[in-house]
Amino acid sequence: MVKKFYVTTPIYYVNSEPHIGSSYTTIVADIIARYKRMMGFDVFFLTGTDEHGQKVMQAAKESGVTPKEHVDRLSAKFRDLWEKLEITNDMFIRTTDDFHERTVQAFIKKMMDNGDIYKGKYEGWYCVPDETFWTDEDIISENGKKLCPQCKREVKWVEEENYFFRLSKYNDKLLKYYEEHPEFMEPDFRRNEMLQIIRSGLKDLSISRTTFDWGIPMPDDPKHVVYVWVDALINYLSALGYAENDQKFHNYWPADLHLIGKEINRFHSIIWPAMLMSAGLELPTKVFAHGWLTVNGEKISKSLGNAISPIELMDVYGRDPVRYYLLRDINFGRDGDFSEDNLISRFNADLVNDLSNLVHRTLSMCEKYFDGVIPVFSGKDDSPDKDLYSIIQSNVKKYKDNMDHYQFTQALESIWEIIRYANKYIDLTEPWKLDKQDNGRERLSKVIYNLIDSIRIVSVLISPVMPDTSEQILKKIGYGQDHLAEENFELHRLSSNVKTDKGNPVFMRIDTAQWEKVIKIKSPDIKQNSFAPSIKKDETVNQEKKDNIISLIEIEDFKKVDLRVALVKSAENIIKSEKLLKLSLDMGELGIRQVVAGIAKFYTPQEITGKKIVVLSNLKPTKLMGIESCGMLLAAKINDKLSVLIADRDLEPGAKIS
């Protein structure tokens, strides 16, 4: 029987046009959907738009159009963007769809029949921008104003007759479910936040409004419209035909994964499961709440000029490099920063130097030595061959495990371990020498076969994240999209005697000196180094004084630095370098990092292994002696003495230093 997988994004509120931040979840969902299809699952991938509520009605009024005209225009922008990004969703739902309205009313009627909805009077605070009710304990008081704890905008006092959901009734049931199913909510630190809310005691929830009419009428009481969040959550059922008892509902429910942003976690991880319990339905397998995305360290904002459309980025860099960067540099689940400088750095280092170089170099040798035809796999295995096989097999296993647990950064690192060793394999086997040896032809045949087979496996593994690149590479070596299957992760499935097509390199280097970036941040006109003490040109300052000048920085500058505790798992000397050690670091939630450090004259590999050191984790990746370094350790040095900073308490790897 084919396994099913139902994945959803939140439905996006139509209060503004989509940007890179709002696209992030959808791109991640698309990557998961592609991966699951490749693994043989029957996938249903849902996204859409949330179109009711007071805020929408007000925005339409300000624009001089009807609410329906307003949502039609903005919803189309989301749908068009997903098509341009080649998102593979199976359905795009709108909460203004007729079938969704029927489903919402049927679901609420079910809750009413179970005695979980009653009429009462609501008195409390309401945030219109977030469409959220807040208690006195929740709101923030600042300069005599009452502010929303989420968006920090002013809330208003509301008194109206509402229908209420007996959320408090499900307090103990939710707590028991969380304790018995810890995998239900991830990451674990967000699960703990939800547990804290549940343990503090849940209050009944107002689920209707009477002060406006842009919404779905309550069953049998059209003066009330359903609270926009209750309306929105039910989309996960209406898309499957719940109200009509459609076969699709029986095939795909419960959802296997709800992907959401952390700001809407309470609705999905507390209110939604309680509603499903009320209606007697199974709960989703998992809710995963990821962090917020900033751009170049700044909150995404039109006024800053960084609310950039992903299309603008992808028109310049290509779809795949942007997708790769989002998953490679941003640890899924945590807050992350989209830096165009880091994107360019990843493009040149990972995609050009590593991947594209491997493909083009290998196919050039195949063309030179075998007229572009994939040679036959034959002859005995030498040590580099066995090492290559071992690295591929172990990293394929890591890749699957990481992808299954939504650890995308680590999954991509597993692929790049294969790519890096395949490049090293060329240097170890030296095909250009084998071609000149009388008995080297058979050995050369095996080397080129192994390299192309490695490329074949890599092109399959990268396909969920980089589908265009995967297709391009597979085509070069004679394969189509039907090769994207788990069975083709295995070694030695490459077909011999197939003509390759070297063509152009997959990626071309970006010349940073000539490159014009897409994102242009608007910022105050601050003179360069204006925070540093100024020295007039005609002043004579000796070198000792210059060395003692401290350039002061603002606290906001320091906040950009991400210092972490890291456990040195292993260390090794780098051939041809007296100064450098290659360190493998356990950085907790950030995964395993490789850092190259100039400490070989002061520490042996044995001395530094097992130490808990301090690492600058958000430094741009670079290469030293051809080896990628993703971070920098901190050390103190005076004259010829150097000491690495060591954590003197038993802190967990990944602990943040502030």
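Side chains included, hydrogens not; waters and symmetry mates left out as well; all remaining heavy atoms used.
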Next on the checklist: Between Arg593 and Asp586, does any side-chain N to carboxylate O distance fall below 4.0 Å?
Outcome noted: no
Next on the checklist: For His405 together with Phe332, are the ring centres under 6.0 Å from each other?
Outcome noted: no
Item to check | N/O donor-acceptor pair under 3.5 Å between Thr362 side chain and Leu358 backbone | outcome: yes
Checklist entry - Can you check whether Trp515 and Tyr317 have ring centres sitting under 6.0 Å from each other? => result yes
Checklist entry - Looking at side-chain heavy atoms only, is the closest gap between Pro467 and Arg319 below 4.5 Å? => result no
Next on the checklist: Testing the 3.5 Å rule here: is there a donor-acceptor pair between the side chains of Tyr421 and Asn395?
Outcome noted: no
Next on the checklist: Before you tell me yes or no, could you show the steps for Leu484 and Glu471 under side chain to side chain contact (heavy atoms under 4.5 Å, CB included), namely the whole-Å CA-CA distance, both residues' side-chain angles and the distance that decides it to 0.1 Å?
Outcome noted: CA-CA 9 Å; Leu484 300 179; Glu471 182 178 4; over 6 Å; no
Checklist entry - Can you list the steps and then say if Lys3 with Asp42 is a salt bridge (Lys or Arg N to Asp or Glu O under 4.0 Å)? => result CA-CA 6 Å; Lys3 300 169 287 184; Asp42 173 17; over 6 Å; no
Checklist entry - Do any N or O atoms from the side chain of Ser345 and from the backbone of Asp341 form a donor-acceptor pair under 3.5 angstrom? => result no
Next on the checklist: If you take the centroid of each ring, where Trp contributes its six-membered ring, are His258 and Phe288 closer together than 6.0 Å?
Outcome noted: no
Next on the checklist: What verdict does the ring pair (Phe, Tyr, Trp, His ring centres under 6.0 Å) test give for Phe338 and Tyr325, after you've listed the backbone C-alpha separation in whole Å, the side-chain angles of each residue and the deciding distance to 0.1 Å?
Outcome noted: CA-CA 9 Å; Phe338 186 98; Tyr325 169 75; 5.1 Å; yes
Checklist entry - For the residue pair Val460 and Ala485, what are the closest heavy atoms and their distance? => result CG1-O, 4.2 Å
Checklist entry - Any chance the side chains of His290 and Tyr406 put a donor and an acceptor closer than 3.5 Å? => result no
Checklist entry - Does Phe45 have Arg37 sitting over its ring (NZ/CZ under 6.0 Å from centre, angle to axis within 45°)? => result no
Next on the checklist: Using the rule given for side chain to side chain contact (heavy atoms under 4.5 Å, CB included), can you reason through Leu281 versus Phe249, listing the C-alpha separation, both sets of side-chain angles and the distance that settles it, and then say yes or no?
Outcome noted: CA-CA 11 Å; Leu281 295 176; Phe249 174 75; 4.0 Å; yes
Checklist entry - Judged by modelled atom types alone, do Asn89 and Thr47 share a side-chain donor-acceptor pair under 3.5 Å? => result no
Item to check | Heavy-atom pair with the smallest gap, counting every atom of Ile592 and Ser584 | outcome: CG2-OG, 3.5 Å
Checklist entry - Residues two or more places apart in sequence or in another chain: which of them pass salt bridge (Lys or Arg N to Asp or Glu O under 4.0 Å) with Arg266? => result none
Checklist entry - Quick check: are there more than 12 heavy atoms from other residues, nucleotides or ligands sitting under 6.0 Å from CE of Met508? => result no
Checklist entry - For Leu327, does its backbone N or O pair with a side-chain atom of Thr409 as donor and acceptor, under 3.5 Å? => result yes
Item to check | Reference residue Trp229; test ring-ring contact (aromatic ring centres under 6.0 Å, His included); the match among Trp272, Phe165, Tyr13, Phe267 | outcome: Phe267
Next on the checklist: Closer than 3.5 angstrom, by distance alone: can the side chain of Asn488 be matched with the main-chain N or O of His483 as a donor-acceptor pair?
Outcome noted: yes
Checklist entry - Judged by atom type as modelled, is there a donor-acceptor pair below 3.5 Å linking the side chain of His360 to the main-chain atoms of Ser356? => result no
Item to check | Presence of salt bridge, Asp30 and Arg34, under 4.0 angstrom | outcome: yes
Item to check | Ile93 side chain reached by Phe99 side chain, heavy atoms, under 4.5 Å | outcome: yes
Next on the checklist: Less than 4.5 Å apart, side chain to side chain, heavy atoms only: is that true for Leu491 and Val396?
Outcome noted: no
Item to check | Carboxylate-amine/guanidinium contact Glu244 Arg102, below 4.0 Å | outcome: yes
Checklist outcome for this item: Closest non-hydrogen contact found for Pro182 with Arg191 is O-NH1, 2.8 Å
Checklist entry - Under 3.5 Å, is there a donor-acceptor pair between the side chain of Asn423 and the main chain of Asp354? => result yes
Item to check | Asp401 backbone acceptor or donor facing Asp404 side chain under 3.5 Å | outcome: no
Next on the checklist: Quick check on the 6.0 Å ring-centre criterion: do Phe44 and Trp253 meet it?
Outcome noted: no
Next on the checklist: Quick test of your reading of the model: are Arg73 and Glu69 salt-bridged, counting only N-O distances below 4.0 Å?
Outcome noted: no
Item to check | Asn245 side chain to His250 side chain, donor-acceptor N/O pair below 3.5 angstrom | outcome: yes
Checklist entry - Do the charged groups of Asp453 and Arg456 touch, with an N to O distance under 4.0 Å? => result yes
Checklist entry - Does Lys286 pair with Glu186 as a salt bridge, N-O distance under 4.0 Å? => result yes
Item to check | Pro284 side chain near Asp256 side chain, heavy-atom distance below 4.5 Å | outcome: no
Checklist entry - Under 4.5 Å between any side-chain heavy atoms of Lys517 and Val316, yes or no? => result no
Checklist entry - Looking only at heavy atoms, what is the nearest atom pair of Asp246 and Lys248, with distance? => result OD1-N, 2.7 Å
Checklist entry - Does a salt bridge link Asp335 with Lys262, judged by any charged N lying under 4.0 Å from a carboxylate O? => result yes
Checklist entry - Is Arg94 salt-bridged to Glu51, cutoff N-O under 4.0 Å? => result yes
Checklist entry - Ion pair present between Asp350 and Arg328, side-chain N to carboxylate O less than 4.0 angstrom? => result yes
Checklist outcome for this item: Thr9 and Ala29 have their tightest heavy-atom pair at CG2-CB, 3.6 Å
Item to check | Check: Thr26/Tyr12 side-chain N/O donor and acceptor closer than 3.5 Å | outcome: yes
Checklist entry - Parallel under 30°, tilted from 30 to 60°, perpendicular over 60°: which one fits the rings of Tyr324 and Trp416? => result tilted
Checklist entry - Any donor-acceptor pair under 3.5 Å linking the side chain of Asp562 with the backbone of Ser617? => result no
Checklist entry - Do Glu417 and Lys398 meet the salt-bridge criterion of a basic N to acidic O distance under 4.0 Å? => result no
Checklist entry - Are any of the side-chain heavy atoms of Lys476 and Thr500 separated by less than 4.5 Å? => result no
Checklist entry - Taking the side chain as C-beta and beyond, is there a heavy-atom pair between Thr49 and Thr95 under 4.5 Å? => result no
Checklist entry - Short question: side chain of Ser278, backbone of Ala274 - any donor-acceptor pair under 3.5 Å? => result no
Checklist entry - Heavy-atom count around Glu487 CD within 6.0 Å, excluding the residue itself: above 12? => result yes
Next on the checklist: Check whether Tyr252 forms a cation-pi arrangement with Lys4 (NZ or CZ under 6.0 Å from the six-membered ring centre, at most 45° off the ring normal).
Outcome noted: no
Next on the checklist: Between Asp188 and Arg190 (salt bridge meaning N to carboxylate O under 4.0 Å), is one present in this structure?
Outcome noted: no
Checklist entry - Considering only heavy atoms from C-beta outward, does the side chain of Leu351 approach that of Met466 to under 4.5 Å? => result yes
Item to check | Residue pair Gln472 / Asp468, side-chain donor-acceptor N/O under 3.5 Å | outcome: no
Checklist outcome for this item: Residues Val498 and Gly478: closest non-hydrogen pair is CG1-CA, 4.1 Å
Checklist entry - side chain to side chain contact (heavy atoms under 4.5 Å, CB included) between Val465 and Ile415: does it pass, once the steps are laid out? => result CA-CA 11 Å; Val465 179; Ile415 300 174; over 6 Å; no
Item to check | CA sep, side-chain torsions, deciding dist, call: Thr96, Lys68, side chain to side chain contact (heavy atoms under 4.5 Å, CB included) | outcome: CA-CA 8 Å; Thr96 52; Lys68 188 63 166 66; 4.2 Å; yes
Checklist entry - Thinking salt bridges, do Glu486 and Lys400 make one under a 4.0 Å N-O criterion? => result yes
